[in-house]
Amino acid sequence: MGRAVLLDKVNVPGIRDFGVYREHGGYRSVDKALGEMTPAQVQQEVIKSGLRGRGGAGFPTGLKWSFLDRKSDKPRYLVCNADESEPGTFKDRYLMEHLPHLLIEGLILSSYALGVKTCYIYIRGEFKYLVGILETAISQAKKNNYVGERILGTGFSLEIYVHPGAGAYICGEETALLESLEGKRGNPRIKPPFPAYKGLYDCPTVVNNVETLATITPIIGMGGEAYAALGIGKSTGTKLMSACGNINKPGVYEIEMGLPVEDFIYSDEYCGGIKNGRMLKAVIPGGSSVPILPADLALNTARSEARLLSYESLSEGGFESGSMLGSGGFIVYDEDACIVRNTWNLTRFYRHESCGQCSPCREGTGWMEKILYRLEHGQGRRSDIDLLVRVAKNIEGNTICPLGDAAAWPVASAIRHFRGEFLEHIK
Amino acid sequence: MEAGSKIDHHLFVRENREVVFSDATLEKVRSLIRRYPEGRQKSALLPILHIAQEEMGGYLSVDTMDYVASLLDIKPVEVYEVATFYSMFYLEKMGKYVLEVCHTGPCSICGGEEVLQHIKEYLHIETGETTPDGMFTLKEVECLGACGSGPSMQVNTEFHDHMTVKQVEKLIDSLRRKSEEEESSKGWAEQFS
Ligand SMILES: Cc1cc2nc3c(=O)[nH]c(=O)nc-3n(C[C@H](O)[C@H](O)[C@H](O)COP(=O)(O)O)c2cc1C
Ligand code: SF4
Ligand code: FES
């Protein structure tokens, strides 16, 4: 197995408890940072690690932190994005449920590096039971002087609060999340200004994903360079993959970046092959928003090289023949899956989750859903396929937030790779 | 399933019920408000609406929303516009148990469609309806972040996964029995320490 740096202790009984976590090396990264390192040095390690945002976009975390407006005299905020609602994605939930202290430790380290005194964990409302788990972990950390006033006797103080959402995928988009955290509807803001300058309450704010922030803990523990030695090229370190669909062993797996897709699907260590001995038909490798790949392009790139689980390899070939690592939500379809039905299903999701602010997204997702419904139910027309492609094109790039693209790509890629199946639905 | 968007028009009716939280809940509300900076008390709206919905009959009546507005010192419309945006808030009375079945891709290709169909037949209701005895409301919801153990569903925010046709019958039967006993799961207010 590749090296596990996040989930290495996940099977230790009682690891959710502060004492057990501490006994197994927990909070040593905070001891180290607060004892021996300046905030700038912590940030430097994160830059060296090459860590890229695990929420979907893969933006370098150290670079993002360096954009934070440090000249402003307003308070700074760190917001942990635990909204996890992208279909196929359930890794943050797993991490928070089993290793809450790993996240809390990451939040302390990140807040220290960023000069943040208040941190909010914005968690989707459906994860109500996790609110209690996280709050318990925070109060345990507080009792042990890792959270609260003058942590470990230093001048650094920090409060961490859990804030539940209430059922809206769009609140995972960082500016919608900030609106929601301010007690408003989750309508994304127009950028710029970026949260680094005007985020929560118009103050400088960093928004990072749960997995990103939890990963700061091993990075400080082992050093940025050691972390960067893991993985492949610019995809350093490890990644949590949540695998689901028609496979033998759905679940959350930590892989070292660079693992071949074929190994991930067929090895017993991971997905364990396709269920009931069926054939692989297609894969959505990074959450429902990324382009779908037919089996041959999921396993090998168009240049016949093995496709790897890394940012670069998965996107190789661009939209013609590639996809994206995204959130790591890995959805596997066997030969019986109906691509048209699946595309309709996912489009219904985006139509439902569109906040309705921009017409291309609000109207376009509705039209696409209607057309796909009609195709799926045998009432389609030949012209529908090109119409779908046109609608998707007109949404893409013409909206306030990337939900528009996220709705357009699955449709465009399904037609690109499975046009024949769409045509069969029309006969 | 129907095609295209369904637009729900709600006419909110004031019931002129008196809504007040218990002292313990009010204390919790005050401590939640303190988590946000001075003057930003509106931030506490979502957590407080969760508590309000749970403690005031499982939905947000206009009276409840007005009460929450007064607690936060914001305009009632600021509460209405939020309550109507988020899918976890219900604006009308629901069954005692709200069955929220995930109908998104990953669950649906792993048996979710059969499970949903079976619930409809077992309870003789369609999506959005409540059984005549007021016990169950059926809702279809989007991905619950539990796709690896699908088909998944929630019963009043409590997770149930690996559902099968058999499993779901057992669940419904056990809820019927449980409804005669006391509730055991932890409420929203108890989640916050
Ligand atoms: C529609 C939409 C939904 C999103 N949902 C999530 C989410 O649930 N969790 C998440 O971490 N990022 C989500 N993102 C990405 C965030 O906007 C943001 O890029 C991310 O939280 C940054 O964290 P990172 O740099 O650590 O990845 C979403 C983006 C969009 C456009
Ligand atoms: S793209 Fe869609 S979700 Fe994003 S702001 Fe526009 S309407 Fe809202
Ligand atoms: S698709 Fe059902 S929980 Fe994700």
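Naming: A, B, ... by sequence-line order, numbering from 1 per chain.
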Part of A:F330 lying under 4.5 Å from any heavy atom of chain B: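 Neither part, no heavy atoms under 4.5 Å.
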Part of A:V332 within contact of chain B (heavy atom distance under 4.5 Å): backbone
Nearest heavy-atom pair of [X] and [Y]: which atoms, and what distance?
X	Y	result
B:S193	A:S139	OG-OG, 4.1 Å
B:Y86	A:A166	CB-O, 3.2 Å
B:K42	A:G183	CE-O, 3.1 Å
A:V162	B:F192	O-CE2, 3.8 Å
A:F90	B:G145	CB-O, 3.2 Å

When you measure from the side chain of [X] to the backbone of [Y], do you find a donor-acceptor pair of N or O atoms at a distance under 3.5 Å?
X	Y	answer
B:S43	A:L181	yes
B:T104	A:P87	no
A:N345	B:H103	yes
B:H50	A:G165	yes

Side chain from CB out, backbone as N, CA, C, O: work out which of these in B:S108 comes under 4.5 Å of a heavy atom of chain A, or both, or neither. side chain
Side chain, backbone, both or neither: which part of B:Q154 has a non-hydrogen atom closer than 4.5 Å to chain A? side chain
Check ion pair [X]-[Y] (N to O, under 4.0 angstrom):
X	Y	value
B:R35	A:E135	yes
B:E142	A:R351	no
B:E78	A:R185	no

Please identify, among A:N246, A:N187, A:I133, the residue contributing the most non-hydrogen atom pairs under 4.5 Å to chain B.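 Among A:N246, A:N187, A:I133, the one with the most close pairs to chain B is A:N246.
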Angle between ring planes, B:Y36 versus A:Y120, binned at 30° and 60°: parallel, tilted or perpendicular? parallel
Geometric class of the B:F159/A:F127 ring pair [parallel <30°, tilted 30-60°, perpendicular >60°]: tilted
What I'd like to find out is whether the side chain of A:S180 reaches to under 4.5 Å of the side chain of B:L46, using heavy atoms alone. yes
Give the member of B:E81, B:E190, B:R40, B:E100 that has the highest number of heavy-atom pairs under 4.5 Å with chain A.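 Going by pairs under 4.5 Å, I would pick B:R40.
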